> 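Below you'll find the structure I mean.
What you see is a predicted model; the values in this text were computed from it and never measured.
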Amino acid sequence: MAFDSFRDFVNALDQAGELKRIVQPVATELEITELADREMKSLNGGKALLFEKPTVNGAVSAFPLAINTMGSWKRMAMSMGANSVDEVAAELGSLMKAKPPTSFREAIKLLGQAFALRHAKPKLVKDGPCKEAIHRFKGENGRSKLEDGRHLTPALSPTLADSQRGEGAKPSSILHPPSSPPPTLLNLPIQQCWPLDGGRFITLPCVITKDPDTGERNVGMYRIQIYDDKTTGMHWQLQKVGARHGRRYYETGTRMPVSIFLGGDPVFTFAATAPLPDGLDEFLLAGYLRKKSVELVKCETNDLEVPANADFVIEGYVDPKEPLREEGPFGDHTGYYTLPEPYPVFHVTAITHRKGAVYPATIVGLPPMEDFYIGSASVKLFLPVFKMNFPEIVDIALPAEGVFHNLVFVSIKKTYPMQAYKIMHGLWGMGQMMFTKYIVVVDDDVDVHNTREVLFRLCANTDPQRDSIFTKGPADVLDHATTEMAIGSKLGIDATKKLPGEGHKRGWPPLIRMDEATRKKIDVLFNSSGK
């Protein structure tokens with residue numbers, strides 16, 4: 001199911017009993033975070049929250065704010081238009097098995113083909129709801145314009161604009177009436193999430209960049225710190241695709257176009273966070289999930305394309321000739337504040353939005369949070385890709401306590417000695433799995449989503465010296481515990497049953513289990529009577 005706007009998704013959550021409406025004014029400074037944090041940590045992720053009157057510096061915003069919209073398994077599935085995330089993963093897995101690849105390169109190629117099987121690639125359209133209101137900033141002529149090319153002064157109302165286009169005609173863009181000032185970074189309901197944050201941060205931005213050499217598009221998610229009404233920080237981390245694109249512009253000294261969009265179909269947000277291989281367009285994944293190709297529209301002040309049904313679009317550029325600027329601190333998904341570091345400055349040239357736009361937000365911090373469900377959904381969807389390269393893998397889990405990728409549990413069907421170590425090294429070499437600090441491998445009869453079960457096997461089945469391996473590699477730049485930024489060590493633990501040749505010279509005892517006949521007899525005697 002494709003959602004035509006973020007508001008449509010919020011309304012669907014409301015109808016499904018998955019939404020709480022907050023009608024009284026609540027401050028974007030800290031207060032929304034406190035309410036959202038309590039909700040996210042309640043049973044099964046709580047409910048989504050719609051703040052109808054978020055305030056910015058005491059003034060009620062023109063736009064409502066929705067948060068925790070994907071913070072449960074049910075809402076995560078609803079964002080994909082499915083009954084469950086497992087259902088989507090099974091469908092993708094069946095497509096991938098249609099033509100078994102002979103190499104990982106073929107697996108990645110097949111993944112792109114699978115995304116495009118049912119639905120066309122993204123298509124460019126001339127106009128869209130994201131341009132229903134357009135505000136250009138000074139330096140870009142300092143005025144708003146209609147799609148037909150006629151320019152209007154800020155005093156012209158939408159009603160007059162309509163009359164100029166003819167009775168009954170729908171304008172492709174509108175201007176804010178005098179009572180509603182044009183949107184800027186200072187009056188959108190952008191949160192200061194935590195007390196020591198360096199300022200306000202956009203927390204669900206989909207950031208679009210293009211490789212200047214190949215033209216390949218990337219949609220990433222990098223937090224955006226607000227500096228003033230027209231500039232922000234651009235926190236693309238060292239190993240991210242956006243940063244790689246940026247380095248090429250810095251090498252040539254050429255101004256880099258960047259556009260940020262928020263809202264629209266919720267699968268856009270998921271696709272921006274998904275661990276897709278470099279060069280595979282995130283809008284292919286979005287089109288596959290929504291069962292409808294993504295319509296893109298060209299931006300007003302640069303040549304990038306954004307979803308036509310986005311709720312907000314923030315256009316601009318990064319100037320390689322400009323010095324980096326300190327960004328942060330920020331209360332991050334690690335549960336700690338990320339300390340200030342220099343990052344590029346993003347200059348805003350235009351903000352556009354749709355009528356009735358809803359501002360999407362999230363918060364990160366001490367787990368569990370909304371990002372646990374988003375990250376876990378990615379693992380479920382891309383498990384078929386892992387299994388293509390490592391057919392012995394049964395399941396993978398990222399426990400909430402591991403704050404995304406610090407801790408990974410993997411179950412395998414083990415058939416030969418040292419197989420667990422093959423899996424550890426293989427996973428560390430796959431995309432964002434390079435950031436994983438701890439990998440625990442267990443046998444196929446272990447439910448990796450049951451942390452208690454994994455810890456039991458970890459404690460019972462390992463000799464610490466024999467069954468552990470240390471290695472080194474790239475680390476998350478947000479990890480404050482590493483001695484050097486972006487460089488760290490990793491620990492792998494083999495918690496599987498040991499085979500001959502793995503250093504265990506004694507017999508391996510059987511796990512204590514009741515025999516099946518006794519279990520069935522007790523089921524009949526007691527379960528049927530309800531005792």
> Mind checking whether Asp303 and Lys210 have side chains closer than 4.5 Å, heavy atoms only?
no
> Could you list the residues that satisfy side chain to side chain contact (heavy atoms under 4.5 Å, CB included) with Glu295, not counting sequence neighbours?
Lys123, Val125, Ala308
> Which pairs, with at least one residue in residues 393-405 and sequence neighbours excluded, count as a salt bridge (charged side-chain N to carboxylate O under 4.0 Å, His left out)?
none
> Taking the ring centre of each residue, are His235 and Tyr222 less than 6.0 Å apart?
no
> With sequence neighbours excluded, give me every salt bridge (charged side-chain N to carboxylate O under 4.0 Å, His left out) pair touching residues 365-381.
Asp86-Lys380
> Ring centroid separation for Tyr359 and Phe63, is it under 6.0 angstrom?
no
> Excluding sequence neighbours, so at least two apart, what forms ring-ring contact (aromatic ring centres under 6.0 Å, His included) with Phe6?
none
> Does either side chain, that of Lys490 or that of Thr471, offer a donor lying less than 3.5 Å from an acceptor on the other one?
no
> Can you pull out every side chain to side chain donor-acceptor pair (under 3.5 Å) where at least one residue sits in residues 452-461? Sequence neighbours excluded, please.
Asp445-Arg457
> Aromatic rings His405 and Phe435: how do their planes relate, parallel, tilted or perpendicular, breaks at 30° and 60°?
tilted
> Are Phe261 and Phe312 near enough that their ring centres are under 6.0 Å apart?
no
> Taking it one step at a time, do Thr334 and Asp332 satisfy side-chain hydrogen bond (donor to acceptor under 3.5 Å, both in side chains)?
CA-CA 5 Å; Thr334 60; Asp332 225 317; 5.7 Å; no
> Applying salt bridge (charged side-chain N to carboxylate O under 4.0 Å, His left out), can you list everything that pairs with Lys53, at least two apart in sequence or on another chain?
none
> If the plane angle is over 60° it's perpendicular, under 30° parallel, otherwise tilted; pick one for Phe283 and Phe268.
perpendicular
